[in-house]
Amino acid sequence: MNKKIVIKTLEKIALLLELQGENPFKISAFRKAANALELDERSLDEIEDITKIKGIGKGTAAVIYELIEKGESSQLQELEEAVPKGLIPLLKLPGLGGKKLAKLYSELGIDSAEKLKEACESNAVQKLAGFGPKTEEKILKELEHFGERKERLPIWYLQTVVVDIQNVLLDILEIQKFSVAGSFRRVSEMSKDIDFIVATDKPEKVKEQLLENLVIKEVVAAGDTKVSVIIDGEDPVSVDFRLVAENEFATALHHFTGSKDHNVRMRQLAKEQGKKISEYGVEQQDGTIVTFDSEEEFFAHFDLPFIPPTVRESGKELERLDELDNLVTLDSIVSDLHMHTTWSDGAHTVREMGEALISRGYTHGVITDHSQYLKVANGLTPERLKKQRLDIFEFNETHPNFTLYAGTEMDILPDGTLDYDDDVMKELDFVIASIHSSFSQPQEKIMKRLFTAISNPYVHMIAHPTGRIIGQREGYNPDIPQLIQWANEYGKILELNANPFRLDLCIEHLMMAMELNVPIAINTDAHAIEQLLFMEIGTKYAQKAWVKKDLVVNTWSKEQFETFIRKNK
DNA sequence: GCCGTTTTCGGCCCGACTGTTTTCAGTCG
C-alpha cells in the first residue's frame, strides 16, 4: 500500500466529516494523523507499530490497516454515500464552513452551487436558524465569482503586490513599524494571501488610511485590530493587516508568520514551561504578560536560538536546532556564477555587471552569456565569445581585488548535442549547460541530453535543471534523482536558480542533493543589475531545504572556486 | 479521534470578526 494513498484517504475522511458538521477536534485528529504519517520518513512497510506514532491511535490505525489489507476504507465509503460530492467545492466559499453546509444540506437539501443559488434567491436560506439576510446576500455575491479566483498565487506575483503595499505603509505617519508575515515571509512558492503586522498606537487612523490608499477591490473585514481586504489587480489578492501596539509587535509577527504547525509546537513547548503564547505576548505562570523587542528575544525566552522564518514549517525544526548555524545566509555569499550582459540578452555591460558585483561585497563572479543556438537572445558565436573575453580581461586589469571569470550558459540542443565544441569550452573558466528548447520531449530523450552535458569534462554546472516557472509551467520533467546521482558521480554542480519565477531546483530536490552532498550554486541568472538582488530570495529558499552552507558554491573563496573549476583541465 | 507527571475524562493553540443573537456560534488564520 502506497503511503500517499493512506494520507489522502485520511484527509478525505476529515473533509467529509467536516461536511457532516462533526466535532472539530475529531476532524483535526484525522488531519493530524495524515500529517504525522507524512512527516514520518519511513515507508509504510518499515513502520512496525503504527499506533506508536504520535497522533495515530486506535481509530485512524484501523483505517490504515483496513487500507493495507483490503485496499479500501469502509469508513470512507460510508461517508461518501452519506455526503453528496457537490458539497465539497462549496467549502471554498468564504463564510461557509462544514457546519453551515451540513445545515444547508440537511434542512434544504442543498448539494450544489446551483441549488444554493436558488435557495438564496427564494430567501429560503435566511429563514434557517443561525443564518440571516446578510449571510444570504453574501453567499449570492460570492457565488457570482465562484471558482474564478485562483486559490494560491506564485511568489513572483505576490512580490509585486507586497512592494506596492509597503510603499503605502511607508507613507502612513501613524505607523511605528511594519513587516510582512505569513507564508510570504517564510518564502513559500505559492501563498493564498498576504499578511502584514503593523505597530501603531492609533489603529483607527491607520485603518482609515489603509482603506483610503490601497487599491481595494473589496473590504472583507475592518475591525479594531484586523483589516482584511482584497487588493485589486491582474489576480486579486487577499491581504490581512494586524494592527498591534508596538510592544506586541514581535509576538504578533511570530504568530502570524507561522506556520501553523510551528506555532502549535511552540505553544506546546510554552505549556510545558507553564507559559502561554498568544500574539500579544507570553503569559507567565503568575498571569503577567511578557513582551519582546524582537523575535530573537522571544525565542531566547524559551532558551531557543533564533529560528529563521524560512524553516518554520512542520515543527520539526525545533529538533534541528544544532543545524541552524549551517544554514546558508546572504552574508555568507561571495559570488554569483550566472549572469548575462549586453553581449547577449542582458541590459548592462560587462563592466557594469562587474562593478555591481563588487558593490554587493562579492569577491568574484562569472559572466555567462547565452550561446549561439539561442538566436532570440543574441547568443554568442565562438568568435564573439572570444571578443567578449577582452572585455572581461580589461575589467580584471582595472579591478585587482576582484575576479570576473569568463563563462557561458551553453544550450543543450534538442538533438542532444552541445552548442559549443570541446575546444571552445576548454578556453572558458566556467561552463553552464542548460535546456531552453524542446521541453515536451519524452523523459528518456531529455535525460540523454542532460547526460551528454553532465558527463562532458568541460561542463561545470547544470542550470535551472527542471525549467519550471512557478505556477505556470512544469518544465521538461527530467528524472531529478537520476540527475543528482550523475552530478555526484561526475563531480558537477546543480543550480538553484534564484529568479523568483523559477526557484529551480525546488525544495524537495535540493533535499535529495543534500543527501548525496552534491554542491549547489545559488545564482541570480541576472539579466540586469537590479536582478542581482534575487540572491536574497535564493538563499532564503535554500534555507527551506536546509541546504548546508559548505555545499553552496557561492560561499566558497576564490581559491576554493578555482580549485574546483580547474580540476578537469 | 487522540492523549496522559492534570492519566480513562475532558481538553485539544488561541483569538478576532461577523452576523446572528441578546451572550454566542461559526469561520478563519
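Chain identifiers are assigned alphabetically (A, B, ...) following the order of the sequence lines, protein sequences preceding nucleic acid strands; residue numbering begins at 1 within each chain. Just so we're clear, the structure is a prediction, and the values are computed from it rather than from any experiment.
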- Query: Where the side chain of A/Asn23 is concerned, which of B/dG19, B/dC12, B/dG4 is the nearest nucleotide?
  - Reply: B/dC12
- Closest nucleotide among B/dC14, B/dG19, B/dC12 to the A/Phe25 side chain: B/dC12
Quick one: side chains of residues 80-94 of chain A, donor-acceptor pairs under 3.5 Å with protein atoms, not counting sequence neighbours, listed by atom name and distance.
residue, atom, partner, partner atom, Å
A/Glu80, OE2, A/Lys12, NZ, 2.9

- Query: At their closest point, which heavy atom of A/Lys103 faces which heavy atom of A/Leu128, and how far apart are they?
  - Reply: CG-CD1, 4.5 Å
- Message: With ring-ring contact (aromatic ring centres under 6.0 Å, His included) as the rule and sequence neighbours excluded, what pairs involving residues 151-180 of chain A come up?
- Response: A/Trp156-A/Phe501
- Paired with B/dA16: which nucleotide, if any, by Watson-Crick or G-U wobble criteria at under 3.5 Å for both distances? B/dT27
- Query: Whole-Å distance between B/dC14 C1' and A/His262 NE2?
  - Reply: 15 Å
- Summary of ring-ring contact (aromatic ring centres under 6.0 Å, His included) pairs that have at least one residue in residues 214-257 of chain A, sequence neighbours excluded: A/Phe196-A/Phe241, A/His254-A/His262, A/His254-A/Phe298, A/His254-A/Phe299
- So what does A/Ala33 touch, heavy atoms closer than 4.0 Å: a base, only the sugar-phosphate, or nothing? nothing
- Distance, P atom - from B/dT23 to B/dC28, rounded to whole angstrom: 26 Å
- Same-atom distance (P) from B/dT6 to B/dG11, integer angstrom: 15 Å
- So, is A/Thr225 close to the B/dC17 phosphate, meaning a side-chain N or O under 4.0 Å from OP1 or OP2? yes
- Message: Rounded to whole Å, please give me the gap between CD1 in A/Ile50 and C1' in B/dC2.
- Response: 15 Å
- Message: Checking side-chain polar atoms at under 3.5 Å, does A/Thr329 have a donor or acceptor matched by the opposite partner on A/Asp331?
- Response: yes
- Message: Checking A/Asn497 against A/Asp504: is there a side-chain donor and acceptor pair closer than 3.5 Å?
- Response: no
- Item | With A/Ser238 via side chain to side chain donor-acceptor pair (under 3.5 Å) - residues at least two apart | A/Arg149
- Task: For B/dT20 versus B/dA25, give the span between their C1' atoms, rounded off to a whole number of Å.
- Result: 8 Å
- Item | Among B/dC14, B/dC17, B/dG1, the one nearest A/Arg267 by side-chain distance | B/dC14
- Note on the structure: The salt bridge (charged side-chain N to carboxylate O under 4.0 Å, His left out) partners of A/Arg152 (sequence neighbours excluded) come to none
- B/dC3 to B/dT8 separation - C1' atoms, rounded to the nearest Å: 10 Å
Show me the protein contacts with nucleotides 8-11 of chain B, counting only N or O atoms at under 3.5 Å.
none

- Message: I want to confirm an ordering. Mapping A/Gly132 and A/Ile277 to their closest nucleotides on DNA chain B, which one lands closer to the 5' end?
- Response: A/Ile277
- Message: Main chain of A/Val125, side chain of A/Glu136: is a donor-acceptor contact present, judged purely on distance under 3.5 Å?
- Response: yes
- Query: Which is true for A/Ile13 with a 4.0 Å heavy-atom rule: it touches a base, it touches only sugar-phosphate, or it touches nothing?
  - Reply: nothing
- Item | Atom P, compared across B/dG10 and B/dG15: separation rounded to whole Å | 23 Å
- Would you kindly give the CG-to-P distance between A/Leu128 and B/dT21, to the nearest whole Å? 11 Å
- Item | Residues that A/Lys271 engages under side-chain contact (heavy atoms from CB on, under 4.5 Å), provided they are two or more places apart | none
- Between protein and nucleotides 24-29 of chain B, map the contacts as a letter string: B base, S sugar-phosphate only, - none, heavy atoms under 4.0 Å, written 5' to 3'. --SSSS
- Quick one: A/Ile139 CD1 to B/dT18 P, roughly how many Å, whole number? 17 Å
- Check every strand shown and say whether A/Phe30 touches a base, only sugar-phosphate, or nothing at a heavy-atom separation below 4.0 Å. sugar-phosphate
- Message: What is the distance, to the nearest angstrom, from the CD atom on A/Glu283 to the C1' atom on B/dC14?
- Response: 11 Å
- For A/Glu530, side-chain contact (heavy atoms from CB on, under 4.5 Å) partners two or more places apart: A/His348, A/Ala528
- Message: Under 4.0 Å, heavy atoms only, any strand: does A/Pro24 hit a base, just the sugar-phosphate, or nothing?
- Response: nothing
- Message: Does A/Asp224 reach a base, just sugar-phosphate, or nothing at all? Heavy atoms under 4.0 Å.
- Response: sugar-phosphate
- Item | Phosphate OP1/OP2 of B/dC14: any A/Tyr280 side-chain N/O under 4.0 Å | no
- Message: Run the side chain to side chain donor-acceptor pair (under 3.5 Å) test against A/Glu295 and tell me which residues pass, sequence neighbours left out.
- Response: A/Arg185, A/Arg312
- Task: Would you mind reading off the distance between A/Lys141 atom NZ and B/dG19 atom P, rounded to a whole angstrom?
- Result: 11 Å
- Query: Between A/Ser74 and A/Glu66, does any side-chain donor sit less than 3.5 Å from a side-chain acceptor?
  - Reply: yes
Output side-chain donor-acceptor pairs under 3.5 Å for residues 217-233 of chain A, partner residues at least two apart or in another chain, one line each.
residue, atom, partner, partner atom, Å
A/Ser228, OG, A/Asp240, OD1, 2.5

- Query: How far, in whole Å, is B/dC13 from B/dG4 if one measures between their P atoms?
  - Reply: 13 Å
- Remember a base hit wins even if backbone is also touched, and classify A/Ile27 as base, sugar-phosphate or nothing at under 4.0 Å, heavy atoms. nothing
- When rounded to whole Å, the CD to C1' distance for the pair A/Glu248 and B/dC14 reads 14 Å
- Message: Measure NZ/A/Lys134 against P/B/dT21 and give the value in whole Å, please.
- Response: 13 Å
- Message: Among residues 58-80 of chain A, which ones have heavy-atom contacts with DNA chain B below 4.0 Å?
- Response: A/Lys58, A/Gly59, A/Thr60
- Mapping A/Lys32 and A/Ala29 onto DNA chain B by nearest heavy atom, which one lands closer to the 5' end? A/Ala29
- Query: Quantified in whole Å, what is the C1' atom distance between nucleotide B/dG26 and nucleotide B/dT21?
  - Reply: 13 Å
